[in-house]
Amino acid sequence: MKTLLLKDNREGILKAAEILKKGGLVAFPTETVYGLGANALDEEAVSKVYKAKGRPSDNPMIVHISEEDDIYCLAEEVTEDMKILMKCFWPGPMTMIVKRKSCIPDTTTGGLETAGIRMPENFVARQLIKEAGCPVAAPSANLSGKPSPTTAEHVIEDLDGRIDGIIVSGNSDVGIESTVIDMTGETPMILRPGKLTKEDFEKALSKKIKLDPTLNLKPDGNSAGLKPKAPGMKYKHYAPKARMIIFAGKEENIRKEIESEKQKAEKAGEKVFVIIFDREKQEDAAREFFGKLRDADRNGADLILAGALPEEGLGFSIMNRMLKSAGYNIKTV
Ligand code: TXA
Ligand code: MG
């Protein structure tokens, strides 16, 4: 299949919308990561997304909308809490899990009675959804298991020849995927951490919310017999080709330890790639992390040595990804 590279102007967006209307697949920018879109109400189109990504079919897709009111066609019930969150955080990096209406097919929700709904902030994304005239199912536009794409080049690297088109636009601003919050229970629960944190939601709702307990379990989410509530969180993720070790502890210790490990490995003939972020600049770390993993692979790294960030605020969300990419291989120094 030839993959069309489309511009992020009106003409490109209209062409991409045509592809979606015809049941095709188009990758497009969002503020979090690039998404791989299909008409969320068209089972055949959605099954092509699973195929193009090599994604397990029990892993549900997030349904993207262009206006707040679109949620009323998709959700069985829109509660007061949901309305508050929509007002505070949409358009933006928040996905709400809701009881779904039956118009959303099983293929889109992986057979679940719930669906994830998100209204992205990125203007190109919203125009595309609007012009397509349907809600758009869009997982991250990477091959299953690889780091999420934050540039059009990353998407091309993974999906060229496997999808109908890619809207080539700027780099994703947030850099990690949306916060997924389950609104179907008594108390809202974060299933996947993101830029919007537990504190952000608690402030907006003026009450305590929960974190899926598996988010604090290491080395794997099943170790206490618990399964993550977002099916996608149980899979191996973001894995670079290189072996990866994370170092946690005081900043100076991390730097020292990484330097000495690097020298050792290089002496043994290994190609080493180091990832250390400025602790004071967590937003930059989130924006750059997935790209760094891909850089390491592109440079043929055998070993990635990474410095841990404090697991607070956005740092918690970045560490969620970093730990997965390293297969929970972490050393305290
Ligand atoms: O920022 C994002 O959310 C990006 C952009 C493109 O919008 N999309 C994204 O989609 O990250 P994906 O498919 O890579 O991740 C969706 C996550 C998965 O962990 C999936 O299991 C979970 O959301 N999810 C989707 N629907 C769900 C549902 N009904 N119940 C529980 N978890 C759900
Ligand atoms: Mg993904």
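Ligands are counted one by one from 1 in listed order, and the atoms in each one are counted from 1 as well. These values consider heavy atoms only, across backbone and side chains, with no hydrogens, waters or symmetry-generated copies.
Polar contact check, Lys53 against ligand 1: no nitrogen or oxygen pair lies under 3.5 Å apart. Distances between N or O atoms of Ser140 and those of ligand 1 include at least one value under 3.5 Å. By the 3.5 Å distance cut-off applied to N or O atoms, Gly232 is counted among the residues near ligand 1.
Heavy-atom neighbours of Glu270 CD from other residues, nucleotides or ligands within 6.0 Å: above the threshold of 12. Counting heavy-atom neighbours within 6.0 Å of Lys101 NZ, excluding the residue itself, gives a total above 12.
With distances taken over non-hydrogen atoms, the option nearest atom 23 (O) of ligand 1 out of Asp182, Val136, Val180, Thr184 is Val180.
Here is the list of ligand 1 atoms found below 4.0 Å of a heavy atom in Ala115: 29 (N). Listed by atom number, the atoms of ligand 1 under 4.0 Å from Ser178 heavy atoms are 1 (O), 2 (C), 3 (O). Atoms of ligand 1 lying under 4.0 Å from any heavy atom of Ala138, numbered from 1 in the order shown and given with element: 6 (C), 8 (N), 10 (O). Within ligand 1, the atoms closer than 4.0 Å to a non-hydrogen atom of His64 are 5 (C), 6 (C), 7 (O), numbered from 1 in the order shown. Each of the following atoms of ligand 1 lies closer than 4.0 Å to a heavy atom of Leu112: 28 (C), 29 (N), 30 (N). Close approach of ligand 1 to Lys229 is summarised as follows: ligand atoms under 4.0 Å from at least one heavy atom of the residue are 31 (C). Every atom of ligand 1 with a heavy atom of Glu177 under 4.0 Å away is listed here by number and element: 1 (O), 2 (C), 11 (O). Atoms of ligand 1 found under 4.0 Å from any heavy atom of Gly35, numbered from 1 in the order shown, are 6 (C).
The protein heavy atom nearest to atom 24 (N) of ligand 1 is Pro60 CG, 3.8 Å. Of the protein's heavy atoms, Ala230 CB, 3.9 Å lies nearest to atom 22 (C) of ligand 1. Distance from atom 18 (C) of ligand 1 to its nearest protein heavy atom, with residue and atom name: Asn59 OD1, 3.8 Å. Scanning the protein heavy atoms around atom 5 (C) of ligand 1, the nearest turns out to be Thr32 OG1, 3.6 Å. The protein atom (non-hydrogen) at minimum distance from atom 17 (C) of ligand 1 is Arg192 NH1, 3.6 Å. Remark: minimum distance from atom 28 (C) of ligand 1 to any protein heavy atom is reached at Ile97 CD1, 3.5 Å.
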Only distances under 3.5 Å count here; give the side-chain donor-acceptor pairs of residues 75-82 to other protein atoms, sequence neighbours excluded, each with its distance to 0.1 Å.
unit_1	atom_1	unit_2	atom_2	d
Thr79	OG1	Met82	N	3.2
Glu80	OE2	Lys83	NZ	3.3
Asp81	OD2	Lys207	NZ	2.6

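Contact annotation: for Thr114 versus ligand 1, heavy atoms closer than 4.0 Å belong to both the backbone and the side chain. Heavy atoms of Pro93 found under 4.0 angstrom from ligand 1: none, in either backbone or side chain. When non-hydrogen atoms are compared, ligand 1 lies under 4.0 Å from neither the backbone nor the side chain of Arg100. Of all the heavy atoms of Thr109, none lies under 4.0 Å from any atom of ligand 1, so neither backbone nor side chain is involved.
Heavy atoms of Arg55 come nearer than 4.0 angstrom to ligand 1 in at least one pair. Within the 4.0 Å heavy-atom shell around ligand 1 one finds Pro231.
In this structure, Phe277 CZ and Ile318 CD1 are separated by 7.0 Å, a value rounded to the nearest 0.5 Å. Distance CG/Leu41 to CG/Leu74: 7.0 Å, rounded to 0.5 Å. If you take CE on Met86 and CE on Met96, they are separated by 5.5 Å, rounding to the nearest 0.5 Å.
Connection of Met322 to Leu314 is established within a shared hydrophobic cluster, with ILVMFWY side chains joined at heavy-atom distances below 4.5 Å, either directly or through further cluster members.
Comment: Lys21 engages Glu18 in a salt bridge, judged by a side-chain N to carboxylate O separation of less than 4.0 angstrom. Here Glu261 pairs with Lys264 in a salt bridge; the nearest charged N to carboxylate O distance falls below 4.0 Å. With respect to the salt-bridge test (charged N to carboxylate O, under 4.0 angstrom), the residues Glu288 and Lys281 do not qualify. Ion pairing of Asp173 with Arg287 is present here, as a side-chain N (NZ or NE/NH1/NH2) and a carboxylate O approach within less than 4.0 Å. The pair Lys22-Asp42 does not meet the salt-bridge criterion, since no charged nitrogen lies less than 4.0 angstrom from a carboxylate oxygen. Checked for salt-bridge contact, Lys146 and Asp158 meet the test: a charged N lies under 4.0 Å from a carboxylate O. Under 4.0 Å is where a charged nitrogen must lie from a carboxylate oxygen, and between Arg298 and Glu157 at least one such pair does.
Side-chain atoms of Glu202 never come within 3.5 Å of backbone atoms of Lys208 as a donor-acceptor pair (strictly under, hydrogens ignored).
There is a side-chain donor-acceptor pair under 3.5 Å between Thr197 and Asp200.
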Note to self: For a salt bridge (Lys or Arg N to Asp or Glu O under 4.0 Å) check, start with the C-alpha distance between Arg10 and Glu131, then their side-chain angles and the critical distance, and finish with the verdict.
What the structure shows: CA-CA 10 Å; Arg10 181 96 196 126; Glu131 293 299 340; 2.8 Å; yes

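Residue Thr95 is tested with Glu177, His64, Arg118 for a side chain to side chain contact (heavy atoms under 4.5 Å, CB included); the sole match is Arg118.
Listed by chain and residue number, the protein N/O/S atoms under 2.8 Å of the Mg ion (ligand 2) are Ser140 OG, with waters left out.
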